[in-house]
**Q** 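Quick one: the structure is below, questions incoming.
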Amino acid sequence: MKINVLTLFPDMFTPLQTSMLGRGLEDGKWDLNLINFRDFTTDFHHHVDDTPYGGGAGMVLQIMPIQKALDSLKNKGRVIITAPQGKTFTQQTAQSWSKEETLTFICGHYEGFDERIYQLADEVVSIGDYVLTGGELPTMSMIDATVRLLPGILGNAASPVDESFAQGLLEYPQYTRPEEFNGMKVPSVLTSGNHQKIDRWRRKEALRATYLRRPDMLANYQLNKEETTMLAEIKEEETN
Ligand code: ADE
């Protein structure tokens, strides 16, 4: 997968070149192309923004440098603008984007985009209902969530399937050594060696975590017969 990022701050993108994603870059599993759209300005001072028509505070990003930066790309693929007014990015978005050959992100900064810039994009996406100073951190989050789903990025190929959101539930709790720490014990079922029981416990605890912390997710989840029984048990246990 090739990812282009149009940004005024290419130096911010070191986190994506670290750890597992960094190794993936070195191994050629994906490619990151950072483009500073200030390089596409034509005026002496290299302005990328100007005051808003109609007056008001702040500056607005101009369309011309962004359009030129996009035009310089041989293949843009899916063009994404990150902005708080976009639709919310989810695990499903990451899954769908991970099947694309090329993605191009446009990161805003300052007060906002000239409205005509939105016409250059296939979608406008937000990472949540809060406002950041720029699109760089949202873009990095979205790239991380997408690229980690590509084959060969994570060490354990099975892990993206089990994790939170992939199945519509939060993840079950995990433990490692020591078996007891400051009086806190690992649930005995996990050391029992009974894999059928462990499997049931994990499915039930994933349901419990979702029921307690994200009931909104549970409302959209189709429970099977055994899960219906488990949820009844959980409700009983949690009221006691
Ligand atoms: N730019 C500023 N805030 C943002 C947000 N919440 N999501 C995406 N892009 C943004």
Side-chain angles (χ1 to χ4, degrees), residues 1-18 21 30 32-41 46-70 73 76-100 102-150 163-166 170 213-214 216-217 220:
M1 170 180 275
K2 169 130 190 189
I3 300 188
N4 303 302
V5 180
L6 274 55
T7 170
L8 295 170
F9 302 96
D11 291 350
M12 280 180 77
F13 285 80
T14 46
L16 294 180
Q17 298 165 55
T18 314
L21 297 194
W30 70 292
L32 180 64
N33 179 28
L34 300 169
I35 300 141
N36 190 335
F37 57 87
R38 197 180 294 282
D39 297 341
F40 293 84
T41 51
H46 301 291
H47 283 128
V48 290
D49 58 349
D50 208 335
T51 51
Y53 278 120
M59 300 291 271
V60 177
L61 279 176
Q62 294 174 291
I63 188 168
M64 195 273 283
I66 292 175
Q67 166 85 76
K68 283 199 166 171
L70 278 179
L73 296 171
K76 298 188 289 251
R78 196 162 187 77
V79 179
I80 300 142
I81 289 182
T82 59
Q85 58 268 56
K87 68 170 202 269
T88 309
F89 179 81
T90 65
Q91 190 66 25
Q92 278 70 41
T93 322
Q95 262 150 8
S96 139
W97 287 355
S98 71
K99 295 177 185 95
E100 300 277 344
T102 310
L103 297 173
T104 297
F105 289 88
I106 303 174
C107 304
H109 233 86
Y110 312 112
E111 290 299 309
F113 294 101
D114 181 308
E115 191 64 22
R116 292 164 292 188
I117 294 173
Y118 292 110
Q119 288 178 30
L120 305 175
D122 295 303
E123 49 189 319
V124 184
V125 186
S126 164
I127 57 166
D129 290 344
Y130 43 88
V131 182
L132 302 176
T133 52
E136 283 76 14
L137 290 169
T139 295
M140 280 189 260
S141 303
M142 296 185 214
I143 292 176
D144 186 304
T146 304
V147 169
R148 66 187 286 286
L149 299 176
L150 298 177
E163 69 197 3
S164 292
F165 309 112
L170 296 179
R213 293 184 222 132
R214 291 293 305 272
D216 58 308
M217 280 172 72
N220 296 317

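The model shown is predicted, which means the values in this text are computed figures rather than measured ones. Excluded from the calculations below are hydrogen atoms, water molecules and symmetry mates; all remaining heavy atoms, backbone and side chain alike, are included. Whatever order the structure lists them in is the order used to number ligands and atoms, beginning at 1.
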**Q** Identify, chain by chain and in numerical order, each protein residue with a heavy atom under 4.0 Å from an atom of ligand 1.
**A** Thr82, Ala83, Pro84, Val125, Ser126, Ile127, Gly128, Tyr130, Val131, Leu132, Gly134, Pro138

**Q** Say you draw a straight line from OG1 of Thr7 to CZ of Phe13; how long is it, rounded to the nearest 0.5 Å?
**A** 4.5 Å

**Q** Between Trp97 (side chain) and Ala145 (backbone), is there a donor-acceptor pair under 3.5 Å?
**A** no

**Q** Just jot down the side chain to side chain donor-acceptor pair (under 3.5 Å) partners of Arg116, sequence neighbours excluded, or say none.
**A** Asp114

**Q** Taking the six-membered ring for Trp, are Phe113 and Tyr118 parallel (under 30°), tilted (30 to 60°) or perpendicular (over 60°)?
**A** perpendicular

**Q** Among all residues two or more places apart in sequence or in another chain, which pass the side chain to side chain donor-acceptor pair (under 3.5 Å) test with Lys87?
**A** Glu123

**Q** Restricting to ring-ring contact (aromatic ring centres under 6.0 Å, His included), what partner residues turn up for His46, sequence neighbours left out?
**A** none

